[in-house]
S.K.: 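This is the structure I have questions about; it appears just below.
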Amino acid sequence: MDPKELPIIEHIEELRKRLIICAVFFVIALIAGFYVAEPIIKFIQHDNEELEALTLNAFKVSDPLTVYLEVSFFVALILTSPVILYQLWAFITPGLYESERKATLKYIPYSFVLFLVGLLFSYFILFPNVMNFMMNLSERLDIQQTIGINEYFSFLFKLVIPFGFLFQLPVITLFLSRLGVLNPNLMSKFRKYSYFVLFVIAVLISPPDLISYILMSIPLFVLYEISIAIAKIGYKKYLKAEEQRMQEEKEAEQRQQVEAALAEQRRLIEQMKEQN
């Protein structure tokens with residue numbers, strides 16, 4: 001076997017092992033999701049008092065099963081996400097320094113918590129307002145809403161899940177700044193462009209209403225400012241760690257030079273002894 005190909009094969013083998021671990025945990029979580037899917041579906045149907053009067057219809061025979069499987073899959077994904085994050089961290093950790101390994105490992109629970117916070121925010125605050133806007137618009141246009149349960153839950157997931165990922169912004173910026181990849185000064189410099197991108201994202205995932213745009217944009221802007229503040233902390237730690245690492249390397253190099261000088265001195269002494 002070619003020695004140059006060995007590291008690549010080892011990386012592929014390690015990746016395969018970690019994917020298998022994630023798959024096993026996902027299957028276990030999916031089984032758990034089958035048990036909690038029904039109460040979750042009933043809770044979502046009757047949670048909001050203003051939307052409780054809605055009658056969700058099944059336009060296809062398979063719609064209830066489709067919704068049941070989607071909710072089970074969604075629950076399994078949430079439960080497996082910490083395992084996926086840890087396996088991802090374990091896969092890239094050989095390329096990190098010891099201090100970076102310990103620091104980045106702490107981000108996993110924060111990332112999971114922020115994902116849940118994003119889901120809760122979008123479900124309890126954003127989703128009811130969006131649905132109310134849609135229902136009011138239907139009334140103004142004299143349109144009778146006949147909502148399918150599959151369409152209802154698909155719309156819910158499309159609105160809620162993206163916010164779970166958007167709330168990862170502080171953790172991602174902290175992770176990248178801690179590794180020295182992201183400079184918080186650049187984030188501050190390009191703030192107005194970032195705001196524009198976030199506003200476009202808010203427009204794309206919200207209904208065509210100015211209040212909804214504002215309601216979606218403000219938390220994203222706040223998240224960005226929090227990310228800048230957190231990135232500054234992470235970048236300072238990176239600079240400090242780099243300074244310490246360079247100092248350690250300098251001291252190690254000096255020790256090697258001293259050891260080499262001592263070894264050369266001992267060699268010269270031995271030669272003198274042999275000559276005498």
Side-chain angles (χ1 to χ4, degrees), residues 16 18-88 108-109 111-139 143-168 201-202 204-208 212 215-216 219:
R16 186 180 70 87
R18 301 197 180 281
L19 289 176
I20 291 175
I21 294 175
C22 293
V24 170
F25 273 90
F26 180 80
V27 171
I28 296 173
L30 188 61
I31 295 174
F34 289 148
Y35 287 96
V36 300
E38 183 176 345
I40 290 176
I41 293 172
K42 291 180 178 179
F43 173 79
I44 292 175
Q45 285 181 279
H46 306 291
D47 172 55
N48 195 311
E49 295 180 357
E50 298 180 3
L51 304 178
E52 192 174 4
L54 286 177
T55 300
L56 299 181
N57 303 274
F59 297 135
K60 296 180 181 178
V61 177
S62 59
D63 279 353
L65 177 61
T66 301
V67 172
Y68 188 87
L69 293 176
E70 286 179 350
V71 174
S72 301
F73 181 87
F74 184 48
V75 171
L77 183 62
I78 294 177
L79 296 177
T80 314
S81 58
V83 179
I84 296 175
L85 291 173
Y86 176 79
Q87 295 301 323
L88 177 62
I108 295 177
S111 177
F112 181 67
V113 170
L114 284 175
F115 183 73
L116 293 180
V117 171
L119 296 179
L120 294 175
F121 169 82
S122 55
Y123 176 73
F124 286 105
I125 297 178
L126 179 62
F127 182 67
N129 286 279
V130 172
M131 287 301 298
N132 289 333
F133 170 81
M134 296 298 183
M135 299 301 295
N136 293 332
L137 181 62
S138 298
E139 291 180 3
I143 297 175
Q144 180 64 36
Q145 284 273 14
T146 303
I147 303 177
I149 188 170
N150 189 21
E151 288 73 16
Y152 180 84
F153 276 86
S154 296
F155 179 74
L156 171 64
F157 291 150
K158 290 178 182 178
L159 193 65
V160 170
I161 294 177
F163 258 83
F165 291 104
L166 288 173
F167 269 62
Q168 302 294 306
I201 294 174
L204 291 176
I205 62 178
S206 62
S212 298
L215 187 65
M216 297 278 283

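For the single chain, residues carry numbers from 1 onward in sequence order.
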S.K.: CZ/Phe153 to CG/Leu56 distance, rounded to the nearest 0.5 angstrom?
M.R.: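 Answer rounded to 0.5 Å: 7.0 Å.
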
S.K.: Using a 3.5 Å distance criterion without hydrogens, assess whether the side chain of Ser122 forms a donor-acceptor pair with backbone atoms of Leu119.
M.R.: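 Checking the backbone N and O of Leu119 against the side chain of Ser122, a donor-acceptor pair under 3.5 Å is found.
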
S.K.: Specify whether Phe163 and Phe167 have parallel, tilted or perpendicular ring planes, treating 30° as the upper limit for parallel and 60° as the lower limit for perpendicular.
M.R.: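 Tilted.
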
S.K.: Rounded at 0.5 Å granularity, tell me how far OG in Ser81 sits from CG in Leu116.
M.R.: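 Ser81 OG to Leu116 CG: 7.0 Å, rounded to 0.5 Å.
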
S.K.: If the condition is ring-ring contact (aromatic ring centres under 6.0 Å, His included), which residues does Phe34 pass it with, not counting sequence neighbours?
M.R.: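 Counting only residues at least two positions away or on another chain, Phe34 forms no ring-ring contact (aromatic ring centres under 6.0 Å, His included).
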
S.K.: Could you check, using the six-membered ring where one of them is a Trp, whether Phe59 and Tyr152 have ring centers closer than 6.0 angstrom?
M.R.: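 No, too far apart.
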
S.K.: Measure the CD1-CG distance between Ile84 and Leu79 for me, rounded to the nearest 0.5 Å.
M.R.: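 Separation between the atoms: 10.5 Å.
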
S.K.: Output yes when a side-chain donor or acceptor of Gln168 lies under 3.5 Å from a complementary backbone atom of Ser111, and no otherwise.
M.R.: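 Between the backbone of Ser111 and the side chain of Gln168 there is a qualifying donor-acceptor contact (under 3.5 Å).
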
S.K.: Between Cys22 and Val83, what is the shortest heavy-atom contact and its length?
M.R.: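 Result for this residue pair: SG-O, 4.4 Å.
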
S.K.: Side chain to side chain contact (heavy atoms under 4.5 Å, CB included), that's the test. Do Lys60 and Asn150 meet it? Break it down for me.
M.R.: CA-CA 9 Å; Lys60 296 180 181 178; Asn150 189 21; over 6 Å; no

S.K.: Check the angle between the aromatic planes of Phe26 and Phe73 and answer parallel, tilted or perpendicular using the 30° and 60° thresholds.
M.R.: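 Phe26 and Phe73: perpendicular rings.
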
S.K.: Give a yes or no on whether the backbone of Ile147 and the side-chain of Asn57 come within a donor-acceptor separation of less than 3.5 Å.
M.R.: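 Judged by distance alone, yes, a pair lies under 3.5 Å.
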
S.K.: Once ring-ring contact (aromatic ring centres under 6.0 Å, His included) is applied, do any residues pair with Phe74, and if so which ones, sequence neighbours excluded?
M.R.: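 Partners of Phe74 by the ring-ring contact (aromatic ring centres under 6.0 Å, His included) criterion, ordered by chain and then number, come out as Phe157.
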
S.K.: From Ile21 CD1 over to Arg16 CZ, what is the distance, rounded to the nearest 0.5 angstrom?
M.R.: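 One gets 11.0 Å once the value is rounded to the nearest 0.5 Å.
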
S.K.: Partners of Phe112 by ring-ring contact (aromatic ring centres under 6.0 Å, His included), sequence neighbours excluded?
M.R.: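 Per chain and number, Phe112 pairs via ring-ring contact (aromatic ring centres under 6.0 Å, His included) with no residue.
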
S.K.: Distance from Glu70 atom CD to Asp63 atom CG, nearest 0.5 Å?
M.R.: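 The distance works out to 9.5 Å.
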
S.K.: Working to the nearest 0.5 angstrom, can you tell me the gap between Glu38 CD and Lys42 NZ?
M.R.: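 Those atoms lie 4.0 Å apart.
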
S.K.: Please check if the number of heavy atoms outside Phe121 that lie under 6.0 Å from its CZ is greater than 12.
M.R.: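 More than 12 heavy atoms, drawn from other residues, nucleotides or ligands, come within 6.0 Å of this atom.
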
S.K.: At their closest point, which heavy atom of Ser72 faces which heavy atom of Gly33, and how far apart are they?
M.R.: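 That closest heavy-atom pairing would be OG-O, 3.4 Å.
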
S.K.: Identify the heavy atoms of Ala76 and Thr80 that sit nearest to each other, and give their distance.
M.R.: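 For Ala76 and Thr80, the tightest heavy-atom pair comes out as O-OG1, 2.5 Å.
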
S.K.: Determine whether Ile78 and Phe115 make a side-chain contact, defined as any pair of heavy atoms from C-beta on separated by less than 4.5 Å.
M.R.: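 Sidechains of Phe115 and Ile78: in contact.
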
S.K.: Would you indicate whether Phe25, at its atom CZ, is surrounded by more than 12 heavy atoms from other residues, nucleotides or ligands within a distance under 6.0 Å?
M.R.: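 Not buried by this count: 12 neighbours or fewer within 6.0 Å.
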
S.K.: Step by step, work out the side chain to side chain contact (heavy atoms under 4.5 Å, CB included) result for Val71 and Val36.
M.R.: CA-CA 9 Å; Val71 174; Val36 300; over 6 Å; no

